[in-house]
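Structure, as structure tokens:
Every number for a ligand or one of its atoms is a count from 1 in the order of the listing. Worth knowing before you read on, the calculation uses all heavy atoms, side chains too, and leaves out hydrogens, waters and symmetry mates.
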Amino acid sequence: MMGERDRRNLFDVDGRVIIVTGASSGLGQQFAHALHAAGAQVVAVARRKDRLDRLAAECPGLDARPLDVTDSAACAALVEDVHQAYGRIDGLVNNAGVGTPAPAIEEDLDQFRHVIDVNLTSVFHLSRLVAKPMLAAAQGSVVNIASIYGLGSTYPVGDASYAASKAAVINLTRDLAGQWSKRGVRVNAIAPGFFRSEMAEELFTSEKAHQRITLATPMRRTGEPGELDGAVIFLLSDASSFVTGATLAVDGGWSSH
Ligand SMILES: NC(=O)c1ccc[n+]([C@@H]2O[C@H](COP(=O)([O-])OP(=O)(O)OC[C@H]3O[C@@H](n4cnc5c(N)ncnc54)[C@H](OP(=O)(O)O)[C@@H]3O)[C@@H](O)[C@H]2O)c1
């Protein structure tokens with residue numbers, strides 16, 4: 001049973017060692033800031049070192065390390081190094097992602113494979129790499145950043161590789177949760193709605209696109225920076241201790257109709 005004292009610390013991530021991928025911009029950068037502000041030992045990874053250096057300068061103590069998530073050997077080395085450095089890994093936020101809308105007839109097969117590699121295969125690989133020390137410690141939380149486009153199609157945009165990768169991330173989340181939860185490692189996903197970022201920029205600069213997405217969103221607006229902080233902290237903290245295999249939509253109601 002949870003005591004008064006534990007309840008006061010329900011959302012505590014203080015001191016937890018949490019790896020955030022794709023932390024050089026957009027949602028990942030925001031997650032790194034939020035988790036750092038909440039007291040976590042954040043290990044922020046992405047390819048652009050200059051961006052990571054800037055993030056580290058803004059967040060004293062944040063550990064920034066360059067990583068291409070499609071480089072499987074580099075991922076293994078990173079997880080090994082982080083485990084060596086801190087003696088444990090408490091959380092992983094699989095946030096790195098790419099999306100380049102294209103009509104299916106025209107999408108280059110190599111481009112399709114690349115999207116699957118970044119958005120899905122790296123999530124599988126990094127998750128099982130961190131799961132080893134987490135399962136040994138019988139505790140850990142993996143949070144996969146899916147998308148509302150994993151809950152349905154991207155209509156009328158047209159981005160088959162992205163939609164396929166994000167739907168697969170949602171079922172990968174369920175399967176890994178099924179395999180690891182009884183041993184203390186929870187796996188969940190967040191399905192964000194529309195947030196301004198490098199990837200989503202066009203949706204914000206095109207008046208027509210912006211109007212279309214806000215009209216399809218019951219709250220009649222897009223997400224503000226920081227409106228995913230609560231979801232990620234919830235899933236990484238003990239507040240979600242009985243939540244696993246779930247996908248939490250944070251989308252102003254977009255997926256509710
Ligand atoms: N913004 C939205 O409305 C929205 C909605 C639903 C879901 N999402 C998801 O949220 C996540 C973040 O996207 P965002 O919107 O914040 O877009 P973003 O600003 O373009 O950020 C994408 C991040 O992924 C990293 N990345 C891409 N390829 C990588 C690779 N091979 N290795 C390591 N890192 C890589 C990028 O860093 P480097 O280029 O420095 O490597 C960057 O930090 C994605 O998974 C996206 O699908 C976003």
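When the options Asp68, Asn95, Leu228, Val45 are ranked by their closest heavy atom to atom 11 (C) of ligand 1, first place goes to Asn95. Taking only non-hydrogen atoms, the option from Ala200, Ser197, Ala46, Cys75 nearest to atom 14 (P) of ligand 1 is Ser197. Of the listed residues (Ser147, Ser25, Gly26, Gly193), the one carrying the non-hydrogen atom nearest atom 18 (P) of ligand 1 is Ser25. Looking at Phe204, Phe31, Tyr162, Phe195 and measuring to atom 3 (O) of ligand 1, the nearest heavy atom belongs to Phe195.
Of the protein's heavy atoms, Gly97 O, 3.6 Å lies nearest to atom 22 (C) of ligand 1.
With a 4.0 Å heavy-atom cut-off, ligand 1 is reached by no atom of Thr21. With a 4.0 Å cut-off on non-hydrogen atoms, Lys166 touches ligand 1 through its side chain and not its backbone.
Ligand 1 lies nowhere less than 4.0 angstrom from a heavy atom belonging to Gly223. Ligand 1 does not have Ala191 within reach: every non-hydrogen atom of the residue lies 4.0 Å or more from it. Heavy-atom separations between Tyr149 and ligand 1 are all 4.0 Å or longer.
At least one donor-acceptor pair closer than 3.5 Å links the side chain of Thr21 to the backbone N or O of Asn95. Listed for the Ser141 side chain is no donor-acceptor partner under 3.5 Å among the backbone atoms of Gly91.
Between Phe194 and Trp254, the ring-plane angle classifies as perpendicular under the 30° and 60° cut-offs.
Using a 4.5 Å heavy-atom cutoff, the side chains of Asp81 and Arg65 are in contact. Under the 4.5 Å side-chain criterion, counting only non-hydrogen atoms from C-beta, Phe31 is not in contact with Val143.
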